[in-house]
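One structure below.
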Amino acid sequence: MILADRISHVHYAIRDIVLEAQRIESSGKEMTYLNIGDPCRYGYYPPKHITDSIIQAFRENKWHGYAPSGGDPELRKAIADNENINKDDVFITSGLSEGIDFLFQALLNPGDNFLLPSPGYPLYNTKNDIYEGTHNYYECNENYEPDVEDIRNKINDRTKAIVVINPNNPTGKVYSYKTLKGIADLAGEHNIPIIADEVYDKLVFDDEFHSMTEFRDVKVIRGNSLSKVFLYPGARVGYLSFHGDGMDNIKSAIQKLCNARLSINWEIQRGAIAAYTQPYDLEPLLKKFKEQRDLAYKYIKESDVLDTVKPEGAFYMFIKVNGKWKDDKDFIINLMKDKGIVTVPGSGFSPVMKGVYFRIVYLPPVETLKNAMEKIIDFAESKN
Ligand SMILES: Cc1ncc(COP(=O)(O)O)c(C=O)c1O
């Protein structure tokens, strides 16, 4: 069969690496997977009030049909109330992933660009290639904070949106108010919408988190989901919310795209109502994540060849390797073969970033994490 050209652009660094890991594993090597941002893989589970509401919805015989395409009205209202907007400004999607896809479909013609973060979540890079956007990546400084001047220099007349992922995947950086304001001012000046991916908004350890939606006079399309904060990636419930004036056409476009795929599973949306209306004490979870972060960070700081910036949110660490490696794949593939530790190469998060980087997820149980960190350090130092 002759496939469509676009298929050659479909890469997803985080999962692509698993094939190689499984190949090595099949030879009998024990592997530790630090590559996937799924808390359920590491013994964390969604809060009971959410799963109870889903179970109840399954029993009620009221929610087995197609849901309204834009989402369950009560769920849209619950999210809208939290964000001080109208229910019609919220669209429920199959995880935020589908929302991201819809934004590319609705806004990007071939040759246009979304100004994307380097490094950033790989799905944006993949969608950009699939929808034939030109590459336009803004850099971060050595502290993993976006470089506002670089954004200013890279906005051009085909820039359709600026994507801001905060807290960031892969760095775990929580952006300062000053940086966010700098980006918001630029977006306002050029009348470009900001796509604010805030899926990790409540997983913040040290600094205060500021949402892009605080900047009232800019067009902000916010994305969020149950996957991270509510530890429920398998729910596949996320949303886009629209903040600011002058976005009626994009909202209609998103509604059309929602209509064309009929609906999101209704029972799970009923559970999501509980997520956005009932109390949820995140403190114990944050305490645990912070301990894990501190543990992984201590190992990296003690190493002579690895370096990182302490993550302030999410559950990732983006690590720089100073050594004689050909590239990041050379490092992570040999790390897998030698030590059985599965990570993600930095180039998966940015096609333009220089240097050898890799990302880990630091959520495994303490003993597993310690063991993995020791192996990573040992490997990096022995081959240096
Ligand atoms: C920054 C970011 N945005 C979006 C997503 C997609 O999340 P969802 O499970 O809601 O599709 C992820 C998943 O890892 C992510 O890290």
Side-chain angles (χ1 to χ4, degrees), residues 11-18 33-42 44-46 50 71 75 79 90-104 114 116-128 137 140 144 146 161-175 194-204 209 211-212 220-241 257-258 261 264-265 268-269 271-272 275-276 289 311-318 343-344 346 348-350 359-363:
H11 299 289
Y12 188 70
I14 297 170
R15 295 209 171 212
D16 289 351
I17 209 67
V18 174
Y33 287 85
L34 303 185
N35 61 317
I36 295 208
D38 177 352
C40 302
R41 290 283 190 101
Y42 305 103
Y44 296 92
Y45 304 107
I50 300 180
L75 176 57
I79 294 166
V90 176
F91 297 88
I92 309 301
T93 53
S94 173
L96 177 54
S97 301
E98 188 185 47
I100 294 169
D101 182 71
F102 283 179
L103 291 173
F104 275 92
F114 277 6
L116 298 175
S118 164
Y121 179 53
L123 187 65
Y124 291 94
N125 311 343
T126 305
K127 294 290 175 189
N128 191 46
Y137 289 92
C140 61
Y144 292 159
I162 304 172
V163 174
V164 178
I165 303 171
N166 177 39
N168 183 265
N169 176 5
T171 63
K173 185 78 191 168
V174 178
Y175 299 157
I194 294 176
I195 296 173
D197 180 329
E198 299 183 350
V199 279
Y200 301 97
D201 63 344
K202 297 205 165 47
L203 302 180
V204 173
F209 166 81
S211 170
M212 258 308 173
V220 175
I221 305 168
R222 180 172 195 261
N224 212 327
S225 92
L226 291 191
S227 298
K228 312 295 179 178
V229 170
F230 297 100
L231 308 167
Y232 202 171
R236 307 314 301 135
V237 172
Y239 67 88
L240 296 174
S241 60
L257 290 163
C258 288
R261 63 82 168 106
I264 301 300
N265 177 293
I268 311 277
Q269 288 193 68
Y276 292 108
F289 281 16
E312 298 153 332
F315 35 66
Y316 309 105
M317 191 171 281
F318 198 55
T343 63
V344 187
F349 303 96
S350 166
R359 188 198 76 175
I360 63 164
V361 174
Y362 52 74
L363 295 188

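Order of appearance sets the numbers: ligands from 1, and atoms from 1 within every ligand.
Remark: of the listed residues Leu96, Ile92, Val90, Asn224, Leu96 is the sole one forming a side-chain contact (heavy atoms from CB on, under 4.5 Å) with Leu240. Test Tyr144, Tyr175, Tyr121 against Asn168 for side chain to side chain donor-acceptor pair (under 3.5 Å) and you get one pass: Tyr175.
Side-chain atoms of Glu312 come within 3.5 Å of backbone atoms of Val174 as a donor-acceptor pair (strictly under, hydrogens ignored). Using modelled atom types, one side-chain atom of Lys228 and one backbone atom of Gly37 make a donor-acceptor pair closer than 3.5 Å.
No side-chain donor from either of Tyr276 and Tyr239 sits under 3.5 Å from a side-chain acceptor of the other.
With a 4.0 Å heavy-atom cut-off, ligand 1 is reached by no atom of Glu98. Contact annotation: for Ser97 versus ligand 1, heavy atoms closer than 4.0 Å belong to both the backbone and the side chain.
For the pair Tyr124 and ligand 1, the shortest N or O to N or O distance does not fall below 3.5 Å. Polar contact with ligand 1: absent for Ser94 (N/O pair, distance under 3.5 Å).
Taking the six-membered ring for Trp and the full ring otherwise, the centers of Tyr200 and Tyr316 sit less than 6.0 Å from each other.
Contact atoms of ligand 1 toward Val199: 1 (C), 2 (C), 3 (N), 15 (C) (distance under 4.0 Å to a heavy atom of the residue). Per-residue contacts place Ile165 under 4.0 angstrom from the following atoms of ligand 1 (heavy atoms of the residue considered): 1 (C).
Using a 4.0 angstrom heavy-atom cutoff, Arg236 counts as in contact with ligand 1. Residue contact check for ligand 1: Ser227 places a non-hydrogen atom closer than 4.0 Å to it.
Relative ring orientation between Phe289 and Phe315 is described as perpendicular, the plane-to-plane angle rising above 60° on a 0-90° scale split at 30° and 60°.
Of the candidates Leu123, Asp197, Asn168, the one placing a heavy atom closest to atom 2 (C) of ligand 1 is Asp197.
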